[in-house]
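What follows is a set of notes on a single structure, which appears directly below.
Quick note: numbers below take in every heavy atom, side chains included, and nothing from hydrogens, waters or symmetry partners. Note that this is a predicted model, so its numbers are computed, not measured.
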Amino acid sequence: MHRGEYREARALIAEAAAYLAEAEGALGAHADVRYGGFLNDAKKEFAEANLTLAFVEDHALPSAAELGVDVQQFLNGMAEAASELRRQVLDCLRRDEGAEAERLLGLMDDVYSMLVTVDYPDALTGGLRRSTDALRAVLERTRGDVTTAIVAARFAERDRGSPDASAPHGF
């Protein structure tokens with residue numbers, strides 16, 4: 001996905017869905033194992049992959065039910081998907097795609113703003129508070145990088161239009 005190979009990403013996500021369905025089927029008669037949390041991380045990663053792809057492709061987000069994951073797995077996957085957008089934002093900045101970088105930064109901010117309102121004990125959310133705090137740190141670093149890139153682009157544009165590019169910039 002990070003290389004822009006969305007078709008391949010969708011194929012790998014479909015393969016993961018098949019493995020998760022197989023695991024769920026194998027655990028069907030074993031409630032003690034099924035609800036023991038053994039598939040939690042796999043489902044969170046599955047949600048993260050689906051949500052990251054939807055964010056990057058600017059598609060509607062699938063729901064937890066559509067993905068076949070619990071809400072806590074979905075929300076933790078969403079926090080990690082939003083953190084993954086940092087890599088996409090930096091790639092956009094390198095390709096001089098400032099508008100796309102800002103769109104992705106806006107998504108990161110929207111996800112953080114929504115997740116920070118989920119105020120339930122960690123036992124219910126599967127450590128969502130920790131994931132949200134980590135997202136906040138990634139979001140702020142990314143915001144700084146985007147801001148620096150925008151300001152640098154403005155200075156470069158101003159210098160291109162200036163008759164004397166070596167003149168001081170008022171610093």
Side-chain angles (χ1 to χ4, degrees), residues 1-17 20 41-69 71-118 127-171:
M1 185 178 330
H2 293 300
R3 292 186 301 264
E5 298 171 358
Y6 303 130
R7 187 173 40 131
E8 292 84 351
R10 281 189 289 282
L12 290 171
I13 287 172
E15 186 178 339
L20 281 175
D41 282 344
K43 288 184 172 188
K44 178 191 56 117
E45 294 293 327
F46 180 70
E48 176 186 346
N50 278 279
L51 293 168
T52 302
L53 186 59
F55 286 143
V56 170
E57 290 190 311
D58 199 18
H59 291 164
L61 298 181
S63 69
E66 290 169 331
L67 296 177
V69 300
V71 171
Q72 75 171 211
Q73 298 153 350
F74 182 81
L75 293 176
N76 279 285
M78 183 177 286
E80 292 191 14
S83 292
E84 285 294 324
L85 293 180
R86 174 176 170 72
R87 183 172 175 180
Q88 295 291 327
V89 167
L90 295 176
D91 288 345
C92 287
L93 293 175
R94 279 191 288 280
R95 292 188 306 260
D96 199 26
E97 297 172 356
E100 179 65 2
E102 288 190 75
R103 181 187 76 81
L104 294 170
L105 177 63
L107 287 172
M108 292 174 72
D109 198 22
D110 290 347
V111 169
Y112 174 75
S113 295
M114 185 273 299
L115 291 177
V116 78
T117 67
V118 179
L128 182 61
R129 188 169 293 128
R130 185 183 74 251
S131 297
T132 302
D133 288 345
L135 171 58
R136 186 188 74 224
V138 170
L139 172 62
E140 292 309 319
R141 281 194 313 272
T142 306
R143 187 185 321 278
D145 292 334
V146 170
T147 301
T148 299
I150 289 170
V151 170
R154 286 181 186 154
F155 281 132
E157 181 63 30
R158 187 179 77 187
D159 287 347
R160 279 191 292 274
S162 171
D164 183 7
S166 64
H169 296 289
F171 292 111

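- Annotation: side chain of E102 is in contact with side chain of V146 (closest heavy-atom distance under 4.5 Å).
- In this structure, I13 and L53 have side chains that are in contact, with non-hydrogen atoms separated by less than 4.5 Å.
- Applying the salt bridge (charged side-chain N to carboxylate O under 4.0 Å, His left out) rule to R103 yields the partners D58, E100; only residues at least two apart in sequence or on another chain are considered.
- Evaluation of the side-chain hydrogen bond (donor to acceptor under 3.5 Å, both in side chains) rule for R129 yields D119 as partners, not counting sequence neighbours.
- Each of R87, R86, E84, E80 was checked for a side chain to side chain contact (heavy atoms under 4.5 Å, CB included) with V138, and the lone residue meeting it is R86.
- Side-chain contact between T142 and L90: absent, with no pair of heavy atoms (C-beta onward) separated by less than 4.5 Å.
- Under the salt bridge (charged side-chain N to carboxylate O under 4.0 Å, His left out) criterion, E5 pairs with R3, not counting sequence neighbours.
- Scanning all heavy atoms of the two residues, the minimum distance from F46 to L67 falls at CE2-O, 3.4 Å.
- In terms of the salt bridge (charged side-chain N to carboxylate O under 4.0 Å, His left out) criterion, residue partners of D109 (sequence neighbours excluded) are, by chain and number, R143.
- Residues meeting the side-chain hydrogen bond (donor to acceptor under 3.5 Å, both in side chains) test with D41, sequence neighbours left out: none.
- Side-chain atoms of T52 do not come within 3.5 Å of backbone N or O of A49 as any donor-acceptor pair.
- Counting heavy atoms from C-beta outward, L61 and M78 have side chains that approach closer than 4.5 Å.
- At a threshold of 4.0 Å, the pair D133-R130 does not count as salt-bridged, since none of the basic side-chain nitrogens sits closer than that to a carboxylate oxygen.
- Rounding to the nearest 0.5 Å gives a distance of 6.0 Å between CZ of F55 and CG of L107.
- Here CG of L128 is found 5.5 Å from CG of L75. Values are rounded to the nearest 0.5 Å.
- With sequence neighbours left out, the side-chain contact (heavy atoms from CB on, under 4.5 Å) criterion links R154 to I150.
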